[in-house]
Every structure is written in structure tokens, then in C-alpha cells.
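Throughout, a chain's letter reflects where its sequence line sits, starting with A, and its residues are numbered from 1. Atom set for the values below is all heavy atoms of this structure, side chains included, hydrogens, waters and symmetry mates excluded.
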Protein chains: 2
Amino acid sequence: MDEFALIRHYFSSLTDNDASIVVGIGDDCAQVRVPPDMDLVLSIDTLVEGTHFLAGTDPAHIASRLMGAAVSDLAAMGAQPAWFTLALTLPRADEAWLAAFAAALGHCARRFGIRLVGGDTTRGPLTLSVQVQGLVPAGRGLHRRGAAVGDLVCVSGTLGDSRAGLDIQLRPEVQPDPLPASSQVLLQRFFAPEPRLSTGLLIADYASSCIDISDGLLADLGHILRASDVGARIERRQLPLSKALRAYTDIEQARDWALSGGEDFELCFTVPAARWDALCAQLELHGVPLCCVGEILPASAGLRLEDGGVQLAESTQGGGYNHFAQGDDA
Amino acid sequence: MDEFALIRHYFSSLTDNDASIVVGIGDDCAQVRVPPDMDLVLSIDTLVEGTHFLAGTDPAHIASRLMGAAVSDLAAMGAQPAWFTLALTLPRADEAWLAAFAAALGHCARRFGIRLVGGDTTRGPLTLSVQVQGLVPAGRGLHRRGAAVGDLVCVSGTLGDSRAGLDIQLRPEVQPDPLPASSQVLLQRFFAPEPRLSTGLLIADYASSCIDISDGLLADLGHILRASDVGARIERRQLPLSKALRAYTDIEQARDWALSGGEDFELCFTVPAARWDALCAQLELHGVPLCCVGEILPASAGLRLEDGGVQLAESTQGGGYNHFAQGDDA
């Protein structure tokens, strides 16, 4: 089997027939059917070796970060995942690498309910772009615009775990050997982010705005504030921290990572205060906790960080990563 | 303006509001509306510096090749272009490069009637992935499968020009100075391929199968033959050659390039013989000539190349580029 046949072999094993797919992999384009009462949502994300992950990173980890981050954009729109395409640039067709990458990609795709319908494979420095397509009820969906003064600022799950997972990799010399189970949890949060798909669907009828947390809570909430032309205050003591994060580091570091660590792929959203109780009533059977961390203020307030009600800092920019270094949606 | 703001500035200038775009650039996903009687078609294509173009290539040429090749996949499906996204990996944010690239991208987008709705910009070796979305009437569209024994094998425009344009660049020392106008035409065919959108729409009601010629006529016809489980014969003397190509090289070289040069981005399609006259009657006001170059045979015939009716070669693989070196749709 030549190099290219090898690649086709691994990816064609990921295809999965479905009534929505008129033509899948193997034509000039894929052809799919969008139900008449739905809008299409779409987002493209790229990971580059040396920028987003180190040379030699386990291909299964690359696949799970790629898919987790991309599908998280669908969650943030309150969308149902539908189809994806993959543009894979590889220095060479290494069979062991391809087998491990394709297996992990297929595992994520099945778990997130999204189907591979096309792709392009080229030779060059290792670069992966995935485009995800999803569906929202026509004219609906969650957006960054829409937050209003008085709305509650809420987040799903726990924050800062992924940043701790990065710290474990950056400072292997200070880690206990073997790693405790709690540190394994933090690594898992870094390598295999879990897009909050069911949470996005659950909050879609209640939230006034939403974004996924890829650059850190402060930076991503900043996007909501700019799109909605409002300000906000965040209460540092309300930030949801996991037991694993608390076991790994002190409370100050944990809160800093929760504010600006990035890559948590939790949802940050706003809810009109009068709708909060109704949303909470829906949470009983929902596996992901939701937590209020602040409140929307007029735009003139900027983004205020408070600690026990005492103002610590004010910013109209937020924190987070340097965008160009880490990538950003245009 | 920081590096990333610079990039956003250039690409946001390309956005273009349209009733089909519910949410464009600047949210977690774009949100678009597919008309209820249409199917969505989509295709992703990548260009890599050092693989598909040399370092230092004019960014306007990169943009026009990227868009021409990608939109050609829509033409081959008989689709109307709708929206595109761009994943751009750049070693640094060079303002002159970005300005020239964005201007050429915008020019192509307007000419092809396709709108930028999202993207991702990352730092790394220069790599560009574009995903194009188009629309076809539900359940219709042109596909690779569908060719039947007795159908005519047809092509649009002229073949081999792009390969001659490559030759001009590969052998600058043998070119007249200044380059004659005919050689400028060949360079233009290489740098700014013209997707045959109107031809794809015109033939959609007549053709039994279609593909765009990216790897060379023999290689791409080979994809139709495999997808349709048929064979074919091609008459070498029927290949449509441009005056510019005939001025550049001898007839034997011209025919070889027409058969396997690649990157012509013309359409290769099959038409039931009984439909050919009806199709020709539609051509009067159509600016692109169509030409019969052969006939579909049973699968057992393979792909036969004839010269004045005398069989030259037989292949079940076809010619063309090495796929992994040049990229290929999965």
C-alpha cells in the first residue's frame, strides 16, 4: 500500500453512513442535508506542532485536543454536532502515528456524535485543521452578543484544571512519582477536553449570551462584553475549583489559573436573573454543575475583578494568552 | 495595532453581509441558512509552502490558486458557491504580505460569489486551508459515480495550459525576454485558475458524472471510472489545446501535458450520447467551449488511450501527480 492509500485506509475506516449524508468521503465535495427548520453553524480550528503541542506528542492526545476544542465551539452555540472535515498536513505517512491518530479521532467523533465527511491530506510540517458543522433551530442558537445589565455571569464545570495539567508537563521534576490520581485527572482535562454539548443545549432556552472558555475566563468573558457592549464584575471567591486542582496547588494559584489559564473548554454564559431559578430546576438530571461567578454591569464599568466584594482590578481587555501565539478565531 | 489585530483588520474587511448569514465572523461559529430545497456541499483544501508553492511566492498568487482550486470543487458538483472559511498558519504577521493576500482573496471571493464567514489564524510554517460551502438542489448535484457505458467523455476549456505555466517558471533560462503574451496567458492559467462554475451549473441537467481536473485528465477520469465501475477510451487527437500552449511547445508535448499535466481545473464529465445535442444547443451563449474526447466502455476495458483510433496504452490507474506529494481529497 503506498503512503496515500495508507492514509485513505485509516480515514475511510472512520466514515459512518447516515441519512443526512447524501455523498460522503470520496467525491469533489461532501453533500449533506440540513433539516428545513435548522440553521447550519460552522467553525474551523487549527493545531500546529511547535505552537500548540510539542514534537513527539502522543497522536491520540493531538486528536482529542483537536476534536475537543473544535466541538466546544458547537457547544458554545447551543448546537447539535453533525459533520466534520479534516485537513491534515504531515511530514510523512507514519503508519503507527496514523493508526493511533485515526483511532482517537474516531473515538472522539463517536462520543461527540459528529461524522467525518471529507478531508485533504498534504505533505508538510505537522498541521491539523478541523472544520465542525452543527445545527441549531433556525434563527436561534447562543451568541456572544445579547448579555444585558443585571444578567448573571455563569460558568459550567470547574476552571483552571487544564492549566494545572500544562503545569504538570512543564515541571516534571517537581511531580511525585507515580503521579497521584488527582494529577492524572488534571492531565486528562488538558489532553482530552470535554465539550459541554449537553450543557449548551440545556442552557440555550435560558442564556442571553455564551462563549466557550479557550483563552481564560477573563479573556473570553471580555469577548461577550465587547459583543454585547456591557461590563461585568467577577467574584474571585465564587470561581468553581475542582478537588484535583485544590490538591495540586494553593488557593491563590488555583484562582489565578481559573481566571486566565485557558483551554478549559467550559462554557461562560449570561442568564437574566429572573430565569436562573427556572434553569436550576432543569439541572437535577444534568451531570455538569453550573455556577454563578458574577454579574453584568453597564459598559462603563469595564471588567471588574472582586475578592469578597472588594475590587481588585479593572480591565477592559481581560487576561489570557497572547492570541497570535495560541491561535484565535477570526 | 498588535499582530493579531492586524490580521483581524485585513480579514474583517472581506466580510460582506448577506441575508443567508445569520452570524458571520466574530462568534464561536458562523451561523448560516441553507434554503429548504437545497443540499449543502462542502470541501476543504490545503496549500503548504514548499509543497504546493515556493517560499517567496507572491501572496496574491497564493490566494488566487487557493480559492480557484477550492471553488473548482464546487463547480465539479454543479453547485452555487455560498460561504467559505480560512485557516491561516503564518510564521509572522507581515503587514505587506497580509494586505496583498487579503486583497487577492477578496477579489476572488467577489468574483466567485462566495462569502468569508469565519477562520482561525495561528503561528507556524505557512499553511493555508480553505473550506468552501455551496448549494445544490436537494438530492441532485454532479458526482463521480453515474457514468454509464456509451456515455461521451467531455472536457471544458483547454487542457495542459497550467502545466506549461509551471514549465515557464521551472525553466526561466530558456524563455524569451520579455515573455510573449501567450506565455503570460499560460502563467495566468497556473496562478489564477478559473473555476468553471457556470459550466458546472449548465451541465448539471445533462451530465451523468463530473470531476474537476486537478491531477490531470487521465488521473481524474480514473476517479470517475472507479466510482462508476466502468472503463473508457480517450482519443489523444481530440484533446482541446489552446493557441497559447501550441505557441509554447510542440504538439506531442502539448498533448502529454493535456493528458497528465494537472491543475487545469477544467471539468471532465460524461454525458449520455442521446443528450449531447441538447447540451450543445445550450452552449450558444456560454463562454466556455465543451469538447468530446472519448467514450465510456465496460470496466473490463480499463482506460485506453488512442491516437487516431490506434490504441497507444491501457491503464487502470491513469497518470498524473503523486498524490501524497501534491495533496488529495480524502
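Contacts of B:Pro193 classified as side-chain contact (heavy atoms from CB on, under 4.5 Å), with partners at least two apart in sequence or in another chain: B:Arg65, B:Phe265.
Between chain B and the options A:Met38, A:His143, A:Glu49, the largest number of non-hydrogen pairs under 4.5 Å is found for A:His143. Ranked by heavy-atom pairs shorter than 4.5 Å toward chain A, the options B:Asp39, B:Val41, B:Leu88, B:Val22 are led by B:Asp39. Interface check for chain B: of the options A:Pro36, A:Gly50, A:Ala87, the most heavy-atom pairs under 4.5 Å are formed by A:Ala87. Counting heavy-atom pairs closer than 4.5 Å to chain B, the top residue among A:Val32, A:Ile224, A:Val34, A:Val48 is A:Val32.
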Could you list the donor-acceptor pairs under 3.5 angstrom formed by side chains in residues 74-86 of chain A, with sequence neighbours left out?
unit_1: A:Trp83; atom_1: NE1; unit_2: A:Ser20; atom_2: OG; d: 2.9
unit_1: A:Thr85; atom_1: OG1; unit_2: B:Gln131; atom_2: OE1; d: 2.6

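Contacts between A:Val136 and chain B at a heavy-atom distance below 4.5 Å involve the side chain alone, from C-beta outward. There is no contact between A:Ala227 and chain B, counting heavy-atom distances below 4.5 Å.
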Using the rule given for side-chain hydrogen bond (donor to acceptor under 3.5 Å, both in side chains), can you reason through B:Thr270 versus B:Ser208, listing the C-alpha separation, both sets of side-chain angles and the distance that settles it, and then say yes or no?
CA-CA 6 Å; B:Thr270 59; B:Ser208 52; 2.6 Å; yes
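Counting heavy atoms from C-beta on, the side chains of A:Tyr10 and A:Trp97 never come closer than 4.5 Å.
For the side-chain contact (heavy atoms from CB on, under 4.5 Å) test with B:Pro195, the passing option among B:Val132, B:Val71, B:Ile114, B:Asp212 is B:Val71; the others fail.
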